[in-house]
Engineer: 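Before anything else, here's the structure in question.
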There are 2 protein chains.
Amino acid sequence: MSPRRRPNPSLAADDRAFLESYRPDDYERPSVAVDVVLLTVSEGALRTLLIRRTEQPARGAWSLPGGFVGMAESLDVAAARVLETKAGLKRIFLEQLYTFGHVKRDPRMRVISVAYYALVDEAIVRGAALASSDANRVVADVRVAWDGIVGGPVQAVGPNRSPLPLAFDHEEILATAVRRIRGKLDYTPIGFQLLPKRFTLRRLQEVHETILGRAVNKDAFRRRMLASGQLHATGTLEDEVGHRPAELYEFRERAAI
Amino acid sequence: MSPRRRPNPSLAADDRAFLESYRPDDYERPSVAVDVVLLTVSEGALRTLLIRRTEQPARGAWSLPGGFVGMAESLDVAAARVLETKAGLKRIFLEQLYTFGHVKRDPRMRVISVAYYALVDEAIVRGAALASSDANRVVADVRVAWDGIVGGPVQAVGPNRSPLPLAFDHEEILATAVRRIRGKLDYTPIGFQLLPKRFTLRRLQEVHETILGRAVNKDAFRRRMLASGQLHATGTLEDEVGHRPAELYEFRERAAI
DNA sequence: ATAATAGTGTCTCTCAGACACTATACC
DNA sequence: GGTATAGTGTCTGAGAGACACTATTAT
């Protein structure tokens, strides 16, 4: 049962002696899970991947993709694994969000959930396995009822405009993710993660407006983005747009796990 | 062994039926701990409470106060309990920081640590039980070797100016806490938590300067603080200062767990 | 030519930084 | 009065918002 029986050679001798006698099973332990809020911007709406629960508890309700943390994988790796197995997505921007640990948040047993959020271009979402017509998966609209980063309730809405009930405390997790990215947007170039490699400033501005839930000033936005030094003009223009084409930009570096 | 045997009456009938058959012990689980970075500002230095480990592993190294999460307590409650039992402090500002889950961060076994940070007035630290001359407790200086919120290494230094080696990944946790409060200071009134109920603007500015590790503009600081609406002038002045006394202010509300 | 959006130049307003000045306590 | 800090008034520079204007492509 012990996760690491092999003594670590870098430990001091008395550390090793201690390990021999230590009995981890003497203490009752909670389960630890990761839940991932996969966010994308599509058609001017903030959207997230939800999976319908087919088993108890909360069968039929919608939940964030998640899974239990393996004994030999770090939290980051567990979150990336969940993203790959449940959404078919690899090498996506992924950051830890918050850890939810209320005693009764899962009726089965004590489950502590380390929540992550991921940002991904909508085109990748469409191309991934989750695009297959699976009635138990949906990329739901996220309706946010508050301004700025004050926080508050959110609602997931399905393609047919019907509200989707969320299992456990997943509405709180989703709301926390929205609050976090709204706050991060003010001082980090997080919006790039939601766009393809090349994009126009107009598209980037639309992403910001969608996340923030309000219009932003076009001139100031352009100036601020270009002054940040994070953007690289490619010299090429978009095409087939029916009006004057805009220049395509790239983000200088692209974080991924 | 199961944490909650009593059926929850609010559950649907099939949820209850599921609970009867669910066997949480089928899966191996990690241990979950909380570690608390207790920060205070004293004599122009950022300081934190450290406890010397008297048992293996890492006996003799210094560690953040911490403890395992009980099966019937939430993470917030566990952190507050640690603060009370290990530092004798109650009703202190306490917020979740980050969750550390590298597989080998603890050589004994898989331990996932949910880190919290707490901010407290130095006078309370001095009055608490931890002031008792315990050679295994120290309020150490935190030396920060980087500017702004870029992050980097930190070092804990004892009263005799000797560096204190930290156990496990506690240096990383401490550095994460410093990074977090530096960032929060830019847009939230977090500095109040490190001062007594009544304080002068000068003291508040000193706290900000200590946390940020740099001087801040006096005029702009006063204007910004007074304009924030978070401060309430008491009308009384400090006394016995040997020069013109400053007005005492209060923070409008004081968060605590 | 017309429509539609890309992109720029400029003015103003707000706010932070800098600095000088006055105010008020203890000695 | 001397000294030290509290607190204010004002100038300046940086950056966001607003708005007008030019540029460029498809139809």
Side-chain angles (χ1 to χ4, degrees), chain A residues 43-44 147-149 182-189 191 195-196 198-250, chain B residues 43-44 147-149 182-189 191-192 195-196 198-251:
Chain A
E43 296 168 20
D147 297 325
I149 57 167
R182 280 191 176 183
K184 273 215 135 177
L185 208 55
D186 289 338
Y187 60 95
T188 50
L195 289 170
R198 294 181 161 203
F199 51 86
T200 65
L201 289 180
R202 176 75 195 160
R203 286 284 296 130
L204 183 59
Q205 181 176 351
E206 285 169 3
V207 165
H208 277 238
E209 289 178 335
T210 300
I211 292 174
L212 296 174
R214 62 178 176 83
V216 305
N217 184 275
K218 169 188 160 189
D219 315 75
F221 182 79
R222 293 179 63 87
R223 267 180 307 196
R224 189 156 43 88
M225 284 300 132
L226 294 175
S228 75
Q230 299 279 2
L231 291 183
H232 169 245
T234 63
T236 57
L237 305 178
E238 61 178 343
D239 56 357
E240 307 189 358
V241 283
H243 53 76
R244 174 178 172 181
E247 182 161 14
L248 291 169
Y249 288 82
E250 287 180 355
Chain B
E43 297 168 21
D147 297 325
I149 57 168
R182 279 190 176 182
K184 271 213 136 176
L185 207 56
D186 289 338
Y187 60 96
T188 49
F192 306 106
L195 289 170
R198 294 181 161 202
F199 53 87
T200 66
L201 289 180
R202 176 76 194 161
R203 287 283 297 130
L204 183 59
Q205 183 177 349
E206 285 169 4
V207 165
H208 277 238
E209 289 177 335
T210 300
I211 292 174
L212 296 175
R214 62 177 175 85
V216 306
N217 185 273
K218 170 187 159 188
D219 316 77
F221 181 80
R222 295 180 62 87
R223 265 179 310 197
R224 190 156 42 90
M225 284 299 133
L226 294 175
S228 75
Q230 299 279 2
L231 291 183
H232 168 245
T234 64
T236 56
L237 306 178
E238 61 178 343
D239 56 357
E240 308 188 359
V241 283
H243 53 76
R244 173 176 173 182
E247 183 161 12
L248 293 168
Y249 287 82
E250 287 181 356
F251 180 40

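What you see below is based on every heavy atom in this structure, not just the backbone, and it leaves out hydrogens, waters and symmetry mates. Residue numbering restarts at 1 for every chain, and letters A, B, ... go by the order of the sequence lines. Owing to the predicted nature of the structure, the values given are computational and were not obtained by experimental measurement.
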Engineer: Please tell me which of R224(A) and R202(B) maps to the more 5' nucleotide of DNA chain D, matching each residue to the nucleotide holding its nearest heavy atom.
Structural biologist: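 It is R202(B), whose closest nucleotide lies nearer the 5' terminus.
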Engineer: dT5(C) P sits how many Å from L248(A) CG, rounded?
Structural biologist: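 Rounded to whole Å, this separation is 17 Å.
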Engineer: Where the side chain of E250(B) meets the backbone of H232(B), is there a donor-acceptor pair that is under 3.5 Å apart?
Structural biologist: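 Judged by distance alone, no pair lies under 3.5 Å.
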Engineer: What distance separates F221(B) CZ from R202(B) CZ, expressed to the nearest 0.5 Å?
Structural biologist: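 F221(B) CZ to R202(B) CZ: 10.0 Å, rounded to 0.5 Å.
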Engineer: Closest heavy-atom contact between T200(B) and L248(B)?
Structural biologist: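 So the two residues come closest at CG2-CD2, 3.8 Å.
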Engineer: Confirm from the modelled atom types if K218(B) and dG7(D) form a donor-acceptor pair under 3.5 Å, side chain to base only.
Structural biologist: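 A donor-acceptor contact between them is present.
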Engineer: Take atom CZ of F221(B) and atom P of dT5(D), then tell me their distance rounded to the nearest Å.
Structural biologist: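 Taking atom P of dT5(D) as the reference, CZ of F221(B) is at 18 Å.
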Engineer: Look at the side chain of R244(B) and decide which nucleotide, out of dT8(C), dG7(D), dA16(D), has an atom nearest to it.
Structural biologist: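 So the side chain of R244(B) is nearest to dG7(D).
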Engineer: In whole angstrom, what separates E238(A)'s CD from dT25(D)'s P?
Structural biologist: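 Checked: the CD to P distance equals 12 Å.
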Engineer: Between L201(A) and D219(B), which residue's closest nucleotide on DNA chain C lies nearer the 5′ terminus?
Structural biologist: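 Its nearest nucleotide lies further toward 5', so the answer is L201(A).
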Engineer: Between E209(A) and R214(A), is there a donor-acceptor pair closer than 3.5 Å when you use the side chain of the first and the backbone of the second?
Structural biologist: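 Not a single qualifying donor-acceptor pair exists.
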Engineer: Quick one: CG on L204(B) to CD on Q230(B), what's the gap to the nearest 0.5 Å?
Structural biologist: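 It comes to 11.0 Å.
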Engineer: Rounded to whole Å, how long is the line connecting atom NE2 of H243(A) with atom P of dG7(C)?
Structural biologist: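 Rounded to the whole Å, the gap is 10 Å.
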Engineer: Looking at every heavy atom in both Q205(B) and K218(B), which two are closest together, and how far apart are they?
Structural biologist: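 That closest heavy-atom pairing would be NE2-CA, 3.6 Å.
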Engineer: By nearest nucleotide on DNA chain D, pick out whichever of P245(A) and A220(A) is the more 5' one.
Structural biologist: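 In this pair, the answer is A220(A).
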Engineer: Mind listing the residues from residues 207-217 of chain B sitting with a heavy atom below 4.0 Å of DNA chain C? Number order is fine.
Structural biologist: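 Heavy-atom cutoff 4.0 Å gives N217(B).
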Engineer: Could you state the atom-to-atom distance from CD of Q205(A) to C1' of dG7(C) in whole Å?
Structural biologist: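 That distance rounds to 13 Å.
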Engineer: What is the distance from CG of L237(A) to C1' of dA26(D), rounded to the nearest Å?
Structural biologist: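 Nearest whole value for this atom pair: 14 Å.
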Engineer: For R222(B) and dA16(C), what is the distance between atoms CZ and P respectively, to the nearest whole Å?
Structural biologist: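 So the CZ-P distance, R222(B) to dA16(C), works out to 15 Å.
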Engineer: Assess whether atom CG of D186(B) is packed by more than 12 heavy atoms of other residues, nucleotides or ligands within 6.0 Å.
Structural biologist: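 Yes, enclosed.
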Engineer: Let me confirm one number: the CG-CZ distance from D147(B) to R182(B), rounded to the nearest 0.5 Å.
Structural biologist: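 So the gap between those two atoms works out to 6.5 Å.
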Engineer: Can the ring centres of F199(B) and F192(B) be said to be less than 6.0 Å apart?
Structural biologist: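 Yes; F192(B) has its ring centre under 6.0 Å from that of F199(B).
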Engineer: Polar pairs (N or O, both sides) under 3.5 Å between protein and nucleotides 11-14 of chain D?
Structural biologist:
none

Engineer: Tell me the interatomic distance from E247(B), atom CD, to dT24(C), atom P, rounded to whole angstroms.
Structural biologist: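 The distance from CD of E247(B) to P of dT24(C) comes to 13 Å, rounded to the nearest Å.
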